[in-house]
Number of protein chains: 2
Amino acid sequence: MKGYLWGPSAATSARTPQSGWEAMAIDAVGNVIEFWGFKRNQGRVWALLYLRDQALTAAEIEKELDLSKGGVSMLIRDLERWGVVLRVRTPGDASWRYRAETDLLQMARRVIEEREFAFIARIRADLAEARKLAEADGSVEREKVERLRKMEAVAEATEKALNVFLKTSRFDVGAMFDVFRA
Amino acid sequence: MKGYLWGPSAATSARTPQSGWEAMAIDAVGNVIEFWGFKRNQGRVWALLYLRDQALTAAEIEKELDLSKGGVSMLIRDLERWGVVLRVRTPGDASWRYRAETDLLQMARRVIEEREFAFIARIRADLAEARKLAEADGSVEREKVERLRKMEAVAEATEKALNVFLKTSRFDVGAMFDVFRA
DNA sequence: CATATAGTTCAAGGCGTTTTGAACTGCATG
DNA sequence: CATGCAGTTCAAAACGCCTTGAACTATATG
């Protein structure tokens with residue numbers, strides 16, 4: 001419903017969607033990717049490139065998704081860094097073109113691993129530290145220390161669940177996604 | 001580092017922490033809970049009540065966590081609705097007191113189930129709809145429809161992974177957390 | 001090397017969410 | 001039934017994140 005609907009401009013290409021199904025799919029991917037903790041527009045850019053199945057210029061992406069020049073630059077930088085978009089130089093053309101690599105879930109897993117694990121690990125460390133301090137302080141009741149220990153377990157549980165989450169997306173899902181790589 | 005450090009007020013109770021370990025633990029729980037998609041301060045309120053192991057008044061919570069009156073009211077409302085905090089009336093006291101129930105992870109799972117599944121389901125529906133439209137439109141290449149189908153698979157994968165995530169936190173973790181209920 | 005166009009950077013602005021605080025409601029008590 | 005305090009509500013402020021757009025840098029071309 002947002003972006004991607006500023007008039008027909010029918011001349012652009014035979015591919016320009018008349019009915020909104022392309023935009024709908026693009027936005028849907030944007031939403032999935034947002035769920036995984038990335039920016040909506042990162043998902044939309046990837047989806048556009050993937051669906052069109054051809055390398056587009058930054059200017060084209062900007063126009064198709066109704067983003068700003070600077071925004072496209074930054075979004076592409078992220079996607080390149082994660083290896084899900086490739087920058088290619090076409091012969092007679094002065095500007096770069098970008099095309100989608102297909103391992104979107106792989107990258108999600110990788111980035112989440114780096115990002116979230118560090119975060120949860122830090123929390124666990126804080127709780128462990130708090131418990132140690134409480135234990136050292138002789139005046140703290142045993143029961144209270146016990147409760148701190150249980151709270152640590154919450155953080156551990158989160159870490160563990162996250163682990164399973166990622167493992168699943170690696171094998172279960174990963175196998176399923178070999179279609180992409182084929 | 002934020003909230004919870006406005007001077008000693010040593011008279012309040014023998015429990016008032018001199019060294020920051022209690023605040024540290026409370027903030028850590030706030031961070032875990034935020035990770036699970038709730039408000040940081042919902043976690044902090046729960047953690048305070050759980051750690052103190054006694055029913056506190058709204059005024060006390062307000063003071064201990066340096067929150068506003070209105071904020072405490074709303075936070076408690078949420079926690080009550082989710083069943084992780086109970087409202088109790090003490091005999092000689094005009095005001096309510098609140099105490100922590102111990103099934104924090106249970107509630108996280110329940111709320112996530114309601115909230116996230118609906119969200120992902122909607123996305124999947126959008127993608128399916130987009131594919132149907134594309135299929136109906138005869139001018140769309142087969143390859144493109146195929147790509148739409150693969151994008152649907154991403155959404156399905158997300159749903160599946162989420163499922164495993166929640167199942168894990170139910171059994172694996174759930175078992176571990178029987179200590180809370182004991 | 002001058003020019004034009006592509007791409008990058010980042011301060012400022014926009015936007016959605018959370019928190020505040022003041023007005024209000026409700027309840028218990030004298 | 002008047003008073004005071006506990007609790008609720010909600011508009012406005014604060015906050016954090018994302019995007020914009022203008023200035024800047026890099027690159028290709030004649």
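Only this structure's heavy atoms are used, side chains among them; waters, hydrogens and symmetry mates stay out. Naming: A, B, ... by sequence-line order, numbering from 1 per chain.
- Within the structure, every pair that satisfies the ring pair (Phe, Tyr, Trp, His ring centres under 6.0 Å) test and touches residues 56-82 of chain B, not counting sequence neighbours, is listed here: B:F38-B:W82.
- For B:R142 and B:E146, the salt-bridge test fails: no basic side-chain N is under 4.0 Å from an acidic carboxylate O.
- Distance CZ (A:R115) to P (D:dC17): 12 Å, rounded to an integer number of Å.
- Residues that satisfy the side-chain contact (heavy atoms from CB on, under 4.5 Å) test with B:A130, not counting sequence neighbours, are A:W21, A:M24, A:A25.
- Note on B:D126 versus B:R122: salt bridge recorded, some NZ/NE/NH1/NH2 to OD/OE distance being below 4.0 Å.
- A close approach under 4.0 Å does not occur between any side-chain nitrogen or oxygen of A:Y98 and OP1 or OP2 of C:dA6.
- Here D:dG7 is the nucleotide among C:dT8, D:dG7, C:dA6 with the atom lying nearest to any side-chain atom of B:S95.
- Applying the ring pair (Phe, Tyr, Trp, His ring centres under 6.0 Å) definition to pairs two or more places apart or across chains, none involves residues 84-125 of chain B.
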Where do N or O atoms of nucleotides 20-26 of chain D meet protein N or O atoms at under 3.5 Å, pair by pair?
| from | atom 1 | to | atom 2 | distance (Å) |
| --- | --- | --- | --- | --- |
| D:dT20 | OP2 | A:S68 | N | 3.0 |
| D:dT20 | OP2 | A:S68 | OG | 3.1 |

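- One atom, CD1 of B:I61, and another, C1' of C:dT19, lie 16 Å apart when rounded to the nearest Å.
- The side chain to side chain donor-acceptor pair (under 3.5 Å) check on A:E80 picks up A:R87, with sequence neighbours excluded.
- Using a 4.0 Å cut-off between a side-chain N of Lys or Arg and a carboxylate O of Asp or Glu, B:R110 and B:E113 do not qualify as a salt bridge.
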Map every base of DNA chain C to its dot-bracket character, where paired means a Watson-Crick or G-U wobble contact with both distances under 3.5 Å and | marks a partner outside the strand.
||||||||||||||||||||||||||||||
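- In this structure, of D:dG7, C:dT18, C:dG7, it is D:dG7 that holds the atom nearest to the side chain of B:S73.
- Rounded to an integer number of Å, the gap from CZ of B:R81 to C1' of D:dT8 is 15 Å.
- Residue B:R87 is classed as a sugar-phosphate contact, given heavy-atom separations below 4.0 Å to backbone atoms only.
- The distance between atom CH2 of B:W96 and atom P of C:dC27, rounded to the nearest whole Å, is 11 Å.
- A:L65 places its CG atom 12 Å from the P atom of D:dT19, with the value rounded to the nearest Å.
- For A:R89, a side-chain nitrogen or oxygen approaches OP1 or OP2 of D:dA28 to under 4.0 Å.
- A salt bridge does not link B:D53 to B:R99: none of the charged side-chain nitrogens sits closer than 4.0 Å to a carboxylate oxygen.
- Regarding B:E62, its CD atom lies at a distance of 9 Å from the P atom of C:dT20, rounded to whole Å.
- Of the side-chain N and O atoms in B:R77, one or more sit less than 4.0 angstrom from OP1 or OP2 of D:dT9.
- Between B:E141 and B:R147, none of the side-chain N atoms (NZ, or NE/NH1/NH2) sits under 4.0 Å from a carboxylate O, so this pair counts as no salt bridge.
- For the pair A:D78 CG and C:dT8 P, the interatomic distance rounds to 11 Å; values are reported in whole Å.
- Between B:L75 atom CG and D:dT8 atom P there is a gap of 12 Å when expressed in whole angstrom units.
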